[in-house]
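Heads up: the structure comes next, in structure tokens.
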Amino acid sequence: MSGSSFGEIFRVVTFGESHGPAVGCVIDGCPAGLRLTAEDIARDLRRRRPGGGGPATNRIEADDPEILSGIFEGRTLGTPIAVLIRNANHRSSDYDNLRDLYRPGHADWTWEAKYGFRDHRGGGRSSGRETAGRVAAGAVAKTFLAERGITLRVWTSSAAGIAVPGPAYENIDWEEAERNLLHMPHRESAERALAKLEELRRQGDSAGCTISCSALGLPPGLGEPVFGKLNARIAAAMLSLGAVKGVEFGLGFAASKGGGAALNDRPLPAPAETAWAKDLPPDVPALTWRTNNAGGTLGGISTGMPLNFTVAFKPISSVSRKQQTVDRGGEIRELSIGGRHDICAAPRAVPVVEAMTALVLADLLLLQRCAGV
Ligand SMILES: Cc1cc2nc3c(=O)[nH]c(=O)nc-3n(C[C@H](O)[C@H](O)[C@H](O)COP(=O)(O)O)c2cc1C
């Protein structure tokens, strides 16, 4: 029953159901003295917020975080940080007809099979709404990373089957990614994908997407072999999100098709000005790599290269087109899902992937302090 907590030292619990009074998080283990304001958290919540137009749901939520504890005069106290985000704009009546139905692609039946009953309103705890607590916690973790010169770049690399052209993770146009509704770093692809998503909305359908991340400025040494490898922790974090069906690092699945002679990343002496070189153990030379096919880890430990990975989200399950399902009585029924929902997890998944990455990295940085280096 402890599935709502995450992390070892930087430990987060998220709470709340989609149509309950509130969602939020409690962070235990955040170091004292970090400069943090409610606005730092609110900024990221606005990026995740429903009602942003395009493929996002038009459920409108203010998502103003209330910090209940752990921050005093703009600095973290080292005590548990509790953040509350009230649910204001839910319309539970939209879900009245779903009390006894199992929606295709949703967690309705599996929750009942496990617990015997469920909060059917808006998907309860399996709703994308739960990720608001993660984003609030991630904003705190991001300030810890920023103080160590680590930045996260997260973007939509494909939506509705339309992908940003060119090699993954290279020549990313960050300004464009900030500008368009989908957070795609290529204007023409974003426009085509938005048009496709609009067409799907009209047809009562939905679409999948991939979200990519580059974590820049990571020192080497992060990751706890063997079960706490950096890539294993990131994959677990991503797969804990609803609708995620795959995670790949660097070349990912394509690496299974090539040979080691071509695909091994070859080491080079690192440039003299490499910031983390002074922190290496004695007699270990600083290295860099000609390529980053591995995506920034070797043996589950960060190499000092960017940590590059991509997360695949399945199409949003709630569609207004009629689908067949089964009710509690075992009868086949027809269902058309009303209510307000996303057409595609992008762009709202962008700050969510960023938050989960920040939580993993903050935790591994703190664990590294215990590694004896
Ligand atoms: C940020 C985010 C927003 C989501 N919004 C919706 C939504 O509006 N409608 C929907 O059907 N699913 C949405 N989902 C996905 C569901 O939560 C998820 O598919 C469902 O609970 C079943 O879980 P599974 O796909 O992981 O098996 C969202 C997921 C995320 C991460």
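The first residue in the sequence is number 1, and the count goes up from there. In this text the structure is predicted, and so the values were computed from the model without any measurement.
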_Under the criterion salt bridge (Lys or Arg N to Asp or Glu O under 4.0 Å), I'd like the reasoning laid out for Arg49 against Asp63: C-alpha separation, chi angles, the key distance, then a yes or no._
CA-CA 7 Å; Arg49 200 165 59 147; Asp63 277 0; 5.8 Å; no

[Y] and [X] side chains, donor-acceptor separation under 3.5 Å:
| X | Y | result |
| --- | --- | --- |
| Ser158 | Thr210 | yes |
| Asn87 | Arg129 | yes |
| Thr14 | Arg125 | yes |
| Ser126 | His106 | no |

salt_bridge([X], [Y]) N-O dist < 4.0 Å:
| X | Y | value |
| --- | --- | --- |
| Arg153 | Glu354 | no |
| Glu199 | Arg202 | no |
| Asp108 | Arg103 | yes |
| Arg333 | Asp327 | yes |
| Arg35 | Glu147 | no |
| Lys142 | Asp44 | yes |

*For the side chain of Asp205 and the backbone of Arg201, is there at least one donor-acceptor N/O pair under 3.5 Å apart?*
no

*What is the ring orientation for Tyr169 with Trp155, classed by angle as parallel under 30°, tilted 30 to 60°, or perpendicular over 60°?*
perpendicular

*If you draw the axis of the six-membered ring of Trp289, does the NZ or CZ of Arg266 fall within 45° of it and under 6.0 Å from the ring centre?*
no

*asked:* Taking the six-membered ring of Phe144 as reference, does the cationic atom of Arg148 (NZ for Lys, CZ for Arg) lie under 6.0 Å from its centre and within 45° of its axis?
replied: yes

*Does the pair Asp265 and Arg290 meet the rule for a salt bridge (Lys or Arg N to Asp or Glu O under 4.0 Å), with working shown?*
CA-CA 6 Å; Asp265 298 315; Arg290 284 174 204 271; over 6 Å; no

*Decide yes or no for Cys30 and Phe10: does some side-chain heavy atom of the first lie under 4.5 Å from some side-chain heavy atom of the second?*
yes

*How many angstroms lie between CD in Glu176 and NE2 in His183, if you round to the nearest 0.5 Å?*
11.5 Å

*asked:* Just checking Glu39: does its CD atom have more than 12 heavy atoms from other residues, nucleotides or ligands closer to it than 6.0 angstrom?
replied: yes

*Please report the shortest heavy-atom distance between Met305 and Thr288, naming the atom on each side.*
SD-OG1, 3.6 Å

*Listed once per pair and sorted, the salt bridge (charged side-chain N to carboxylate O under 4.0 Å, His left out) pairs that draw on residues 227-249, sequence neighbours left out*: Glu8-Arg233, Arg233-Asp363

